[in-house]
Amino acid sequence: MGFFAKKNRTGERVSVDDLFTVIRESLAYARRRKAPQAKKAADVLEMLRMCRAEAEAFARERPAEATPTGELGLLDDSTDPLVTAVPTVILHASLRYGGRLQVIADDQRLLTDDKLDVLERGAAAVGMVHGLIKGNHLQDLVRGRSVDHPCLQLADLVAGAGRAVARWHDGQDDPAGEDLHPVVAPLVDPGSLLMDEKPEDFTRIDTARAKRR
């Protein structure tokens with residue numbers, strides 16, 4: 001996603017050449033694998049390889065910094081995963097816990113005050129359109145830094161633990177994941193961005209994946 005970001009943590013921009021180097025290397029790797037998932041990945045990467053003209057056009061037009069929302073809302077940020085992740089997390093949390101939520105997001109270049117307002121309205125609109133909620137379910141949506149807010153530090157720790165358990169579940173050698181999976185598995189939200197796995201699946205190694213390694 002570095003290519004679609006306005007600017008990365010180092011201040012550098014990912015060029016079209018950088019992007020297509022990764023696509024070519026990933027495509028070559030996927031073609032060498034025999035697993036069915038690798039074939040699907042190769043098909044997607046082959047389609048991406050044909051989109052250089054579109055990538056060059058995007059690179060010319062992408063703004064260098066966060067832009068005002070204006071009448072376009074988040075149109076210029078539509079490829080950033082935060083745009084979909086923030087409303088999705090808010091909506092799922094409101095369905096799971098009920099009541100009026102107080103949400104603090106990690107401070108990101110994209111999340112200006114105006115854009116937080118757009119994301120807040122978007123989360124409420126999606127929920128009401130689909131009949132999931134009856135009204136605004138947010139009390140506050142603000143941003144902060146982990147050095148100032150222990151809750152963000154805790155979120156970082158949980159995310160790191162989740163990554164370790166996901167690696168262990170995937171058959172990779174991860175001692176931390178092996179130790180942490182009894183605690184992390186119950187925290188997995190079945191309504192999240194998982195495909196067909198349940199929280200209890202993360203209490204064991206996926207032997208089919210492990211064999212393909």
Side-chain angles (χ1 to χ4, degrees), residues 1-9 62-63 65-167 169 176-177 180-202:
M1 294 307 297
F3 176 72
F4 297 104
K6 292 180 171 59
K7 190 178 289 186
N8 296 294
R9 292 183 182 275
R62 64 182 172 183
E65 300 290 345
T67 53
T69 53
E71 296 179 358
L72 297 179
L74 294 167
L75 182 61
D76 65 311
D77 302 303
S78 58
T79 54
D80 195 300
L82 280 173
V83 170
T84 52
V86 172
T88 300
V89 169
I90 290 171
L91 184 56
H92 278 293
S94 68
L95 295 174
R96 184 170 186 175
Y97 301 109
R100 302 268 288 184
L101 299 177
Q102 292 180 299
V103 179
I104 181 168
D106 198 6
D107 193 17
Q108 301 284 340
R109 189 186 305 273
L110 167 69
L111 299 180
T112 63
D113 290 342
D114 286 346
K115 291 182 179 180
L116 279 178
D117 290 341
V118 173
L119 292 173
E120 181 178 349
R121 295 196 300 271
V126 169
M128 287 188 285
V129 165
H130 291 281
L132 301 174
I133 57 175
K134 295 182 178 179
N136 185 15
H137 50 301
L138 268 175
Q139 180 173 327
D140 291 303
L141 173 59
V142 297
R143 65 181 185 276
R145 301 185 305 162
S146 59
V147 294
D148 300 321
H149 297 277
C151 61
L152 290 175
Q153 297 174 23
L154 178 60
D156 288 339
L157 287 172
V158 172
R163 181 177 184 274
V165 171
R167 285 171 51 84
H169 167 66
L180 292 170
H181 74 269
V183 179
V184 171
L187 301 178
V188 176
D189 184 353
S192 63
L193 299 179
L194 299 174
M195 296 184 69
D196 57 356
E197 293 178 294
K198 302 178 178 64
E200 56 268 24
D201 292 336
F202 290 88

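In this structure, H149 and I104 have side chains that are in contact, with non-hydrogen atoms separated by less than 4.5 Å.
Atom SG of residue C151 and atom CG of residue D156 lie 10.0 Å apart, to the nearest 0.5 angstrom. Atoms CG and CG, on L141 and L116 in that order, are 5.0 Å from each other to the nearest 0.5 Å.
Nearest heavy-atom pair, D106 versus S146, reported as atom, atom and distance to 0.1 Å: OD1-N, 4.2 Å. Of all the heavy atoms in P186 and H181, the pair that sits closest is CD-O, 4.4 Å.
Residues satisfying the salt bridge (Lys or Arg N to Asp or Glu O under 4.0 Å) test with R145, not counting sequence neighbours, are D148.
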